[in-house]
Amino acid sequence: MRWKRTRLTVLTVIVAGLLGGALALVFTPLTRCLTRWVTSDDWSALDGPARAAAVGQFRLAVIQVVAAVGAGIALTYTARTFRLTRRGQVTDRFTKALERLSSSEPYVRLGGVLAMEQIVQDAPDQGDHAARVLNAFVREQAPAAATTQLAAAQLAKKPDEQVQEALRALTAARPGRSDSRAPVDLAGLHLRKAQLTGAHLNGALLKGATLSEVDLRGARLKGADLTGADLTGADLSSALGLTVAQVLEAGALLGCRLPDAVAADSTVAARLTPSE
């Protein structure tokens with residue numbers, strides 16, 4: 001990066017020097033020689049006033065070219081300065097959001113989540129970095145899925161507000177290409193009754209997660225790993241990209257609402273209702 005900046009600076013100095021030299025050159029006696037060379041055979045047919053006018057037109061043309069190139073260089077530097085300034089502002093916002101996420105106060109952490117979400121929307125080039133932070137935050141704040149019914153009864157009935165907001169921000173649509181985003185990792189987490197309507201979870205890692213009574217209507221689940229996930233009572237009735245093979249990998253499906261095409265599979269249907 002430093003080499004690129006140095007190369008751009010050197011190139012600009014060289015171009016500016018050449019343009020300055022060209023501008024100075026037009027006000028020397030060499031201008032007449034250059035004009036004669038440009039006009040070629042027509043020069044000999046011109047009288048004194050016509051030759052003076054030709055020299056004047058040549059000088060004007062050179063000045064206009066130099067001005068246009070100079071304006072282009074100035075515009076390039078202005079755009080570069082704007083990008084650097086904006087990048088610095090985003091970095092500053094990112095740092096402050098991180099500080100809020102590490103606070104001991106829940107409302108401050110919630111503010112950090114919302115600030116990180118705004119960075120994702122305002123600066124798509126930083127979207128993956130912000131998403132990684134949000135994903136790490138969810139994994140730290142959400143409890144691990146219980147391995148026994150007794151342990152499950154002691155866990156929260158639904159995610160707290162900061163985790164829910166982080167989930168929403170993490171799985172929301174982002175500017176730019178959606179197929180380039182890193183997969184969300186919620187494997188092994190207890191997320192009962194989470195609201196994930198319309199969530200972007202293509203390729204998500206949901207292995208072993210407790211997703212009972214989770215609202216996943218309209219969620220994009222193409223390629224998501226549902227191995228061992230608890231989908232008891234979950235609503236996936238309008239989920240997109242969901243296949244029979246994915247659903248059969250889930251650990252529990254009792255009372256789960258699935259898209260008609262998936263629920264019509266006999267093996268899946270048998271697992272949606274309690275066995276007699």
Side-chain angles (χ1 to χ4, degrees), residues 87-147 151-152 154-212 214-216 219-231 234 251:
R87 183 177 298 176
Q89 292 173 344
V90 171
T91 301
D92 184 56
R93 290 168 58 191
F94 196 91
T95 301
K96 291 180 179 179
L98 282 175
E99 293 173 354
R100 293 178 183 176
L101 289 175
S102 60
S103 172
S104 59
E105 297 292 341
Y107 70 91
V108 178
R109 293 198 296 270
L110 178 59
V113 170
L114 298 177
M116 198 66 73
E117 178 188 16
Q118 198 60 48
I119 291 174
V120 173
Q121 299 300 323
D122 294 345
D125 55 327
Q126 299 295 322
D128 284 342
H129 301 305
R132 288 174 61 188
V133 172
L134 287 171
N135 203 152
F137 177 80
V138 170
R139 295 201 62 82
E140 180 181 0
Q141 297 296 322
T147 56
Q154 298 174 347
L155 294 176
K157 301 302 181 183
K158 65 177 182 178
D160 59 33
E161 187 177 10
Q162 57 191 320
V163 172
Q164 177 60 61
E165 285 299 313
L167 285 170
R168 182 188 57 78
L170 178 62
T171 60
R174 294 188 219 159
R177 293 178 54 188
S178 60
D179 58 349
S180 61
R181 59 196 293 173
V184 176
D185 183 6
L186 303 176
L189 297 182
H190 178 80
L191 299 172
R192 181 184 179 188
K193 289 189 176 181
Q195 298 299 309
L196 294 173
T197 307
H200 287 249
L201 291 168
N202 288 336
L205 305 177
L206 305 173
K207 183 177 181 178
T210 299
L211 302 175
S212 55
V214 170
D215 190 347
L216 284 162
R220 292 161 174 78
L221 290 165
K222 181 179 180 180
D225 184 2
L226 296 171
T227 304
D230 183 356
L231 296 175

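Quantities reported herein were computed from a predicted structural model and do not represent experimental measurements. Numbering of residues begins at 1 and proceeds along the displayed sequence.
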>> Apply side chain to side chain contact (heavy atoms under 4.5 Å, CB included) to residues Leu206 and Leu221 and explain how you reach the verdict.
In response: CA-CA 10 Å; Leu206 305 173; Leu221 290 165; 4.2 Å; yes
>> Apply salt bridge (Lys or Arg N to Asp or Glu O under 4.0 Å) to residues Lys96 and Asp92 and explain how you reach the verdict.
In response: CA-CA 6 Å; Lys96 291 180 179 179; Asp92 184 56; 3.4 Å; yes
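With rounding to the nearest 0.5 angstrom, the CD1 atom of Ile119 is 11.5 Å from the CG atom of Leu114. Interatomic distance, Met116 CE to Arg132 CZ, rounded to the nearest 0.5 Å: 12.0 Å. Glu117 contributes atom CD, which lies 8.0 Å from atom CG of Leu134 (distance to the nearest 0.5 angstrom). For the atom pair CD of Gln195 and CG of Leu216, the computed distance is 9.5 Å after rounding to the nearest 0.5 Å.
Under a 3.5 Å cut-off, the side chain of Glu165 and the backbone N or O of Leu110 do not form any donor-acceptor pair. The backbone N or O of Ala187 lies less than 3.5 Å from a partner atom in the side chain of Arg139, making a donor-acceptor pair. Listed for the Asn135 side chain is a donor-acceptor partner under 3.5 Å among the backbone atoms of Asp185. Of the possible donor and acceptor atoms, none in the side chain of His190 sits under 3.5 Å from a partner among the backbone N and O of Ala146. Without hydrogens or angle criteria, Asn202 side chain to Lys222 main chain gives a donor-acceptor distance under 3.5 Å.
The closest side-chain heavy-atom distance from Leu167 to Leu186 is below 4.5 Å. Residues Leu191 and Leu196 have side chains not in contact (no heavy-atom distance under 4.5 Å, counting atoms from C-beta outward).
Listed here is the closest heavy atom pair of Val113 and Phe137: CG2-CE2, 3.7 Å. When all heavy atoms of Ala173 and His200 are compared, the pair lying nearest together is CB-NE2, 3.5 Å. In this structure, Ala144 and Leu155 approach most closely via the heavy-atom pair O-CD1, 3.7 Å. Residue Gly112 comes nearest to Leu101 through the heavy atom pair C-CD2, 3.7 Å, listed as atom of the first residue, atom of the second, then distance. Here the closest heavy-atom approach between residue Leu170 and residue Ala131 is recorded as CD1-O, 3.4 Å. Heavy atoms only, all atoms of each residue included: Ala224 and Leu201 are closest at CB-O, 3.7 Å.
For residues 99-115, the side-chain hydrogen bond (donor to acceptor under 3.5 Å, both in side chains) pairs, not counting sequence neighbours, are Arg109-Gln162.
For the residue pair Asp230 / Ser212, no side-chain donor-acceptor distance below 3.5 Å is found, with atom types taken as modelled.
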